[in-house]
Every structure is written in structure tokens, then in C-alpha cells.
A.B. asks: 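Please read through the structure below; I'll follow up with questions.
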There are 2 protein chains.
Amino acid sequence: MARPREFDIAKALDGAMRVFWRQGYKATNLPDLLCAMKLTRGSFYKAFGDKGAVYYHALERYDEEVVSANLAALKACDAPDATTCLMPMFTLSDAADHGCFICNAMVEVAPDNPKVAQKTQEMADRLKQGILGVLEVRDVGLSPAHRTDLAEMILHLYFGFQAMGKSGRAQDDWEGRIRRLLGEG
Amino acid sequence: MARPREFDIAKALDGAMRVFWRQGYKATNLPDLLCAMKLTRGSFYKAFGDKGAVYYHALERYDEEVVSANLAALKACDAPDATTCLMPMFTLSDAADHGCFICNAMVEVAPDNPKVAQKTQEMADRLKQGILGVLEVRDVGLSPAHRTDLAEMILHLYFGFQAMGKSGRAQDDWEGRIRRLLGEG
DNA sequence: GTAGTTAGGAACTGATTGGTTTCTAATTTA
DNA sequence: TAAATTAGAAACCAATCAGTTCCTAACTAC
């Protein structure tokens with residue numbers, strides 16, 4: 001006894017993810033957000049509550065889509081060396097030329113939003129585990145502690161890379177660097 | 001034949017630097033900014049023009065004060081190993097528990113402000129040169145190209161470290177990692 | 001058909017935004 | 001003393017902000 005929802009919640013959140021990813025939280029106003037979600041104000045507030053809630057859901061979708069796809073690619077890689085598998089993380093694709101949503105959320109939103117802070121940490125941990133998995137399958141000579149350290153360093157390199165990318169800095173030869181870091185030179 | 005300015009421009013910009021550093025550009029409104037600069041609206045607009053101009057000046061002051069102090073410390077360090085000299089960069093002091101202003105500006109402002117983008121790149125380059133200086137005095141066995149690569153990696157590690165720090169993540173043993181990265185283990 | 005829920009659109013709220021103007025009083029140099 | 005410039009406070013501006021309300025129309029299940 002009710003008219004069914006016409007828009008697709010997942011698709012709407014996809015649009016929200018994209019616009020928050022590109023513009024950040026504060027810089028995205030309601031009209032921007034509604035346009036990206038293809039929703040009107042009424043439907044928006046009835047379905048999601050408020051802007052902050054949608055931002056969190058957008059983070060969740062980034063986790064489910066982008067991060068998961070990233071992890072799957074790391075896992076599926078069959079190159080014999082770890083560097084080759086990790087390189088895509090250090091190639092700014094056209095689709096992601098606005099940086100990494102996790103990094104953006106950490107810097108802009110996390111400091112005064114504990115829920116977002118925790119979510120970004122969880123996502124960073126997932127990435128780290130993915131990197132660790134790549135190392136475990138290959139550089140078997142390393143001690144587990146050393147391997148964890150390397151994964152953490154690559155994760156930090158990744159975030160630093162993403163942050164600097166947002167200033168438009170030209171990117172350099174990361175393959176050689178990662179290779180040397182992992183002793184695969 | 002004119003009443004002299006009573007407030008200290010440098011001190012006012014210092015206050016602006018602190019509040020922008022802590023809160024970011026968008027999250028800092030005029031009342032916040034005026035309070036931090038200890039200025040009234042009238043004096044503010046007459047002396048500086050607008051909020052955006054003050055943000056840029058705040059970045060410049062960060063460069064002159066914080067970055068310069070950082071570089072001076074790197075240069076003055078007399079420890080025999082590079083790691084010991086670089087470690088302070090990876091220790092979040094109380095004074096800077098809101099991260100690194102350069103990193104914040106890169107992520108929040110640089111994407112749609114070319115002047116800020118260029119300034120952050122210049123500041124990052126200064127940091128890199130400082131790191132490079134530390135390496136040049138010590139690890140003389142390295143080739144120049146390898147040394148530049150290492151400096152760039154440490155710079156990226158630093159920015160990644162700062163970004164992740166904003167999510168409140170507990171910090172781990174960076175001394176061991178840097179030491180191993182530089183072959184000083 | 002009717003109850004219940006949705007969509008879409010528009011109007012509206014109260015608060016806040018960055019920025020301007022206008023006033024008086026103070027302080028300087030010539 | 002007179003011209004010039006500042007400080008400080010307040011009122012004011014138009015625009016924008018997130019969020020609410022109200023309306024009609026559409027749709028589904030009972």
C-alpha cells in the first residue's frame with residue numbers, strides 16, 4: 001500500500017560519492033549534491049536525513065567499490081614481483097584525478113568527526129592488508145615484522161603521493177623507487 | 001600626517017596562520033579569523049583585502065617560520081646518522097597536532113587555487129632540499145640519483161604520515177623504518 | 001475505492017556567509 | 001591647527017547555507 005521508491009539508492013549514493021570525492025564536504029552544497037544524486041530536496045531528506053549522513057554513506061560506497069576493486073586487483077595480480085602489482089596504486093588515472101577519497105576525508109573531515117575518522121582508518125587498514133598480501137605471496141625471505149613495516153611504508157607513500165598530487169605536482173618514476181624499496185631492483 | 005598602524009601585521013598573520021592551519025580555509029569564518037588576528041572587520045579589510053589574500057599570506061608565514069625552522073634544524077643536526085636528524089619530522093608535537101599546513105592546503109585548497117597550488121609545491125620542494133641536504137652530508141656512498149630518490153620518498157612518507165595523523169591514527173615505530181630505508185640499520 | 005507512501009516542485013525558514021559602509025575618536029606630521 | 005589616516009564599533013548588505021513545509025500528482029496494496 002505504498003508507492004515504491006523510483007530512484008536507485010545505490011546509484012544516488014554513487015553520485016554523492018563522486019561529488020564529495022571531487023569537491024570535498026564543505027565545498028559541496030545541497031544543489032551540487034542533489035544534482036549529482038539526481039534527487040530533489042524532498043526525496044533527499046526523506047531518504048537520507050541530512051548532508052552529513054550522506055557523506056558517511058558516500059565513504060562506505062567508496063570502500064565497497066573503489067577500495068574493494070583495488071584490493072581485488074592486488075590479489076589477482078600474477079606478476080612475479082610485488083612492484084608490478086603495486087604500481088597501479090601510484091598511477092593517477094583519469095577517473096581519479098581528484099585524488100584519493102580516503103586521503104581527502106582524513107584531512108578535511110576526520111579531525112572533527114569521529115565516525116569519519118574511524119571509517120577512514122578502517123579503509124586505510126584494508127589497503128594495508130592488501131599491500132601486505134602482495135608482499136606475503138612474493139618476498140618470502142622477509143621476516144613478518146619487516147614485511148608489515150614495508151606495507152605500512154608503502155601505505156604512507158601512497159597517501160603522501162595522493163596529497164601531493166592534489167597540488168598538481170608532476171609525477172616521477174615511482175616504479176624504480178618501489179622496486180628498490182622492496183629490494184627487487 | 002597619518003595615524004600609524006597600531007597592530008602588528010606580522011603578529012596578525014601569525015594568528016591567521018594558526019587558525020587556518022588548525023581549521024582549514026572553508027571551516028574558518030570571518031569571526032574566527034578576526035578573533036585569531038585580534039582585528040576588527042574594518043582594519044582587516046583595509047589592511048588585507050579579503051579572506052583569500054590572508055590565507056595566502058598565512059601560507060607564506062608558515063613557510064618563513066615553520067618550514068624555515070624545520071630546515072634550520074635539519075642543517076644544524078650533528079648526529080652522525082641521517083635518521084636521527086630526520087626523526088623530528090615524524091614526531092607530532094603538541095604545537096602541531098593539527099597536522100602539516102602544507103599538506104592541509106594541498107588537499108583542501110590547491111585543487112581550485114593555482115597560486116596556492118604553486119606555493120605548496122615550492123614549500124614541499126624546500127622541505128625536499130632540506131632532506132636531501134641531510135643525506136648529502138652523510139650517506140656519501142649513494143649515487144646522486146639514488147639520493148634524490150630517497151629524499152623524494154621521505155618527503156612523500158612525511159606527507160602520508162601527516163594525512164593519516166589527522167584521522168587520529170596511533171603512530172608506530174618510524175625510526176626503525178627510516179633507518180632501514182636509508183640502510184642505516 | 002481507499003489508505004499509505006512516493007516524487008517533484010516550489011516556497012519558505014532562520015542562520016550564517018563574506019564583504020561594505022558609516023560613524024566617532026585617536027594619533028600623527030606638516 | 002589642519003590634513004590624513006588609523007582604530008573600533010555597529011549597522012547593514014545581498015547571497016548562500018542547510019533544512020522544512022506544503023502542495024499536487026502518481027503509484028501500489030489491500
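From a predicted model like this one, the values you see are computed outputs, not experimental measurements. So that the names make sense, note that chain A is the first sequence line, chain B the second, and so on, each numbered from 1.
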A.B. asks: Rounded to whole angstrom units, what separation is found between the CG atom of Leu34(B) and the P atom of dT17(C)?
C.D. replies: 11 Å

A.B. asks: Can you tell me if CD on Glu60(A) sees more than 12 non-hydrogen neighbours from other groups inside 6.0 Å?
C.D. replies: yes

A.B. asks: Nearest 0.5 Å, what's the CZ-CG distance between Arg22(A) and Asn104(A)?
C.D. replies: 12.0 Å

A.B. asks: Kindly indicate whether the side chain of Phe159(B), heavy atoms from C-beta on, has any atom under 4.5 Å from the side chain of Ile102(B).
C.D. replies: yes

A.B. asks: Are any protein N/O atoms closer than 3.5 Å to N/O atoms in nucleotides 25-27 of chain D? If there are, list each pair with its distance.
C.D. replies:
from, atom 1, to, atom 2, distance (Å)
dA26(D), N3, Arg3(A), NH1, 3.1

A.B. asks: Figure out the CE/P separation between Met37(B) and dG18(C), and round it to whole Å.
C.D. replies: 14 Å

A.B. asks: Are the side chains of Lys166(B) and Gln162(B) in contact, using a 4.5 Å heavy-atom criterion?
C.D. replies: no

A.B. asks: Taking atom C1' of dT16(C) as reference, at what distance in whole Å does atom CG of Asp32(B) sit?
C.D. replies: 12 Å

A.B. asks: In whole angstroms, how far is the P atom of dA7(C) from the CG atom of Leu39(A)?
C.D. replies: 7 Å

A.B. asks: Quick one: what's the B/S/- string for nucleotides 9-23 of chain D, heavy-atom cutoff under 4.0 Å, read 5' to 3'?
C.D. replies: S-------SBBB---

A.B. asks: Does Glu184(B), at its CD atom, have more than 12 non-hydrogen atoms belonging to other residues, nucleotides or ligands within less than 6.0 Å?
C.D. replies: yes

A.B. asks: Compute the centroid of each ring, for Phe101(B) and then for Tyr55(B), and state whether the two points are separated by less than 6.0 Å.
C.D. replies: yes

A.B. asks: Any sub-3.5 Å donor-acceptor pair from Lys51(B)'s side-chain atoms to Tyr25(B)'s backbone N or O?
C.D. replies: yes

A.B. asks: List the steps, then state whether salt bridge (charged side-chain N to carboxylate O under 4.0 Å, His left out) holds for Arg180(B) with Asp149(A).
C.D. replies: CA-CA 10 Å; Arg180(B) 212 155 26 229; Asp149(A) 268 9; 2.4 Å; yes

